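This report refers to the structure that appears directly beneath it.
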2 protein chains.
Amino acid sequence: MTATRIKEVALKQFANNGYEGASLADIATEVGIKKQSIYTHFKGKDELFLDLFNAVLAKELNFVFEYLDRHKQLSIDQLLYGFLIQYKDGYEHDDNTKFFLRVAFFPPSHLYEEIVKQGYNYLDTLETMLIPVFDQAIAAGNIHSDVSSEMATVSFLAVLDGMFVELLFGGAEKSLKRIEASWFVYWRGIKS
Amino acid sequence: MTATRIKEVALKQFANNGYEGASLADIATEVGIKKQSIYTHFKGKDELFLDLFNAVLAKELNFVFEYLDRHKQLSIDQLLYGFLIQYKDGYEHDDNTKFFLRVAFFPPSHLYEEIVKQGYNYLDTLETMLIPVFDQAIAAGNIHSDVSSEMATVSFLAVLDGMFVELLFGGAEKSLKRIEASWFVYWRGIKS
DNA sequence: TCCATCCTTCCGAACGTTCGTCAGGAACAT
DNA sequence: ATGTTCCTGACGAACGTTCGGAAGGATGGA
């Protein structure tokens with residue numbers, strides 16, 4: 001199916017070059033067709049892009065959900081640190097994650113509002129999923145009593161964003177140093 | 001001087017709309033001239049933009065230098081926390097800071113390399129300035145012995161980036177919650 | 001089996017818009 | 001007279017997009 005091929009190629013090109021950096025002509029060339037043919041399968045560039053964006057967002061949220069579910073038996077520090085590392089690896093090897101970060105941080109201006117809204121929806125959902133995890137850790141006595149689950153969550157999301165930034169600008173390798181430092185200080189900051 | 005007016009308006013428009021969001025036509029309109037007249041004062045859009053970028057970068061570094069110098073008598077936690085707050089306020093009220101963040105995070109693709117290079121130059125300089133501050137705090141026994149000055153610096157820069165992200169997407173008001181949480185956990189993570 | 005028809009997919013050509021950019025000339029001050 | 005500043009007008013490149021038609025396979029009736 002050509003539509004599927006177009007989606008694959010577009011995902012990759014959007015992930016690596018951003019919305020405006022990926023022209024329909026370039027996408028079509030890599031698929032092996034002319035740019036006009038894309039209009040047989042999609043109404044236009046925006047529809048193609050938003051189709052991908054929604055699919056990617058769903059996959060990202062699903063990844064988080066699955067990760068937390070599959071590793072719920074881990075200690076909280078292993079769970080959270082592993083989460084950071086998983087995301088770093090995803091950025092290296094998974095076009096979904098790369099697309100997600102690239103688009104969330106470099107959104108096309110005419111879709112800015114929609115994308116930022118979805119981005120915060122992602123963060124809110126993540127927060128909703130993390131708070132019970134911290135509540136559980138607090139109940140188990142693993143978190144210092146000065147630290148509320150909300151504060152732990154919010155600052156963890158900040159650590160996550162700090163990692164995202166370094167991933168985007170410095171790449172996966174360079175980001176490892178920051179992850180290690182951030183995580184060390186963060187964990188020392190919330191552990192009991 | 002028209003050139004100065006152009007720079008002022010361009011700084012503001014680049015800060016609020018980014019490189020591609022600010023057209024020469026819009027800039028000229030706000031100045032009260034036609035877009036072609038800009039070419040009397042600048043070779044083109046890129047020259048205007050890079051002129052501003054370099055000036056802004058110098059001002060930002062100067063701000064950091066001055067801040068650290070003027071408040072060197074403060075305790076390290078007050079110094080660093082105040083630094084975050086200062087930056088937040090700067091983003092709200094200072095077009096320089098807004099331009100800096102906007103451009104650093106949403107760089108025009110054909111100048112990407114140059115901008116990211118300068119961005120890392122900024123971070124490196126910041127790191128160079130902060131390490132002695134932490135060294136001093138360590139010598140004074142204010143930082144936990146498990147935490148090296150480098151680790152404290154790197155993770156502080158991550159906190160800073162986390163704040164930048166929230167500033168850019170959520171605005172100054174929303175970012176305060178994140179700043180508080182991040183700082184609380186960060187300081188608890190490095191203090192002795 | 002054959003042929004007419006229809007639908008899908010793709011492409012050549014062209015259009016419309018947005019931008020940055022350039023050439024040439026008018027107004028004005030020095 | 002000279003230089004500066006700004007304007008009118010136009011150009012060219014890059015995109016996304018639309019239109020009309022060709023190629024090919026599938027369908028259904030004779």
Side-chain angles (χ1 to χ4, degrees), chain A residues 1-56 99 102-103 105-115, chain B residues 1-56 99 102-103 105-115:
Chain A
M1 196 70 132
T2 310
T4 311
R5 281 279 299 140
I6 294 175
K7 278 192 178 184
E8 286 172 6
V9 172
L11 181 76
K12 177 180 147 195
Q13 295 217 11
F14 281 136
N16 288 302
N17 308 315
Y19 178 88
E20 24 242 353
S23 71
L24 290 184
D26 286 344
I27 293 171
T29 300
E30 186 171 336
V31 173
I33 59 176
K34 299 294 174 183
K35 62 174 175 172
Q36 305 93 302
S37 306
I38 294 177
Y39 287 79
T40 303
H41 307 279
F42 303 92
K43 282 185 183 169
K45 190 179 186 181
D46 282 359
E47 183 181 287
L48 170 59
F49 179 79
L50 289 174
D51 267 18
L52 288 171
F53 182 61
N54 289 324
V56 161
F99 178 102
R102 177 100 201 197
V103 166
F105 279 85
F106 309 142
S109 23
H110 70 290
L111 300 174
Y112 183 85
E113 226 170 295
E114 172 73 6
I115 290 173
Chain B
M1 197 66 134
T2 310
T4 311
R5 281 279 298 142
I6 294 175
K7 278 192 178 184
E8 287 172 4
V9 172
L11 180 75
K12 177 181 148 195
Q13 295 219 10
F14 281 137
N16 288 301
N17 309 314
Y19 179 87
E20 24 242 354
S23 71
L24 291 184
D26 287 344
I27 293 170
T29 299
E30 186 171 337
V31 173
I33 58 177
K34 299 294 173 184
K35 63 173 176 173
Q36 302 91 321
S37 305
I38 294 177
Y39 286 79
T40 303
H41 308 278
F42 302 93
K43 281 185 183 171
K45 189 179 187 180
D46 282 359
E47 183 181 287
L48 171 59
F49 178 80
L50 289 175
D51 267 18
L52 288 171
F53 182 61
N54 289 325
V56 162
F99 178 101
R102 177 99 201 197
V103 165
F105 279 85
F106 309 140
S109 24
H110 70 289
L111 300 174
Y112 184 86
E113 226 169 297
E114 172 73 6
I115 289 173

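Lettering follows sequence order; numbering is per chain, from 1. Because the structure is a prediction, the values reported are computed rather than measured.
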A/K7 side chain near A/L11 side chain, heavy-atom distance below 4.5 Å:
no

Quick check on C/dG20: is either OP1 or OP2 less than 4.0 Å from any side-chain nitrogen or oxygen of B/K45?
yes

Between B/F42 and B/F49, is the gap from one ring center to the other below 6.0 Å?
no

List the steps, then state whether ring pair (Phe, Tyr, Trp, His ring centres under 6.0 Å) holds for A/F53 with A/Y19.
CA-CA 11 Å; A/F53 182 61; A/Y19 178 88; over 10 Å; no

I'd like to know if the side chain of A/T29 and the backbone of A/A25 have a donor-acceptor N/O pair within less than 3.5 Å.
yes

Integer-rounded Å distance: C/dT21 P and B/I27 CD1:
11 Å

Within the 4.5 Å heavy-atom criterion, are B/F106 and A/S109 side-chain neighbours or not?
no

Quick one: are A/Q13 and A/D26 in side-chain contact, heavy atoms under 4.5 Å?
yes

In whole angstrom, what separates A/H41's NE2 from C/dT9's C1'?
6 Å

Rounded to the nearest 0.5 Å, the CZ atom of A/R102 sits from the CG atom of A/N16 at a distance of 7.5 Å

For B/K34 and C/dG25, what is the distance between atoms NZ and C1' respectively, to the nearest whole Å?
17 Å

Can you check the B/F49 CZ to C/dG20 P distance for me, whole Å?
13 Å

Could you state the NZ-P distance from B/K35 to C/dT18, rounded to the nearest angstrom?
11 Å

Should A/F105 and B/F105 be marked as a ring pair (Phe, Tyr, Trp, His ring centres under 6.0 Å) after you check the CA-CA gap, both sets of side-chain angles, and the distance that decides it?
CA-CA 7 Å; A/F105 279 85; B/F105 279 85; 7.1 Å; no

Could you check how far CD of A/Q36 sits from P of C/dC11, rounded to whole Å?
8 Å

Using a 4.0 Å cut-off on heavy atoms, which residues in residues 1-24 of chain B reach DNA chain D? List them by number, or say none.
B/T2

First contact, last contact: which nucleotides of DNA chain D are these for chain A, 5' to 3', heavy-atom distance under 4.0 Å?
D/dG16 to D/dT18

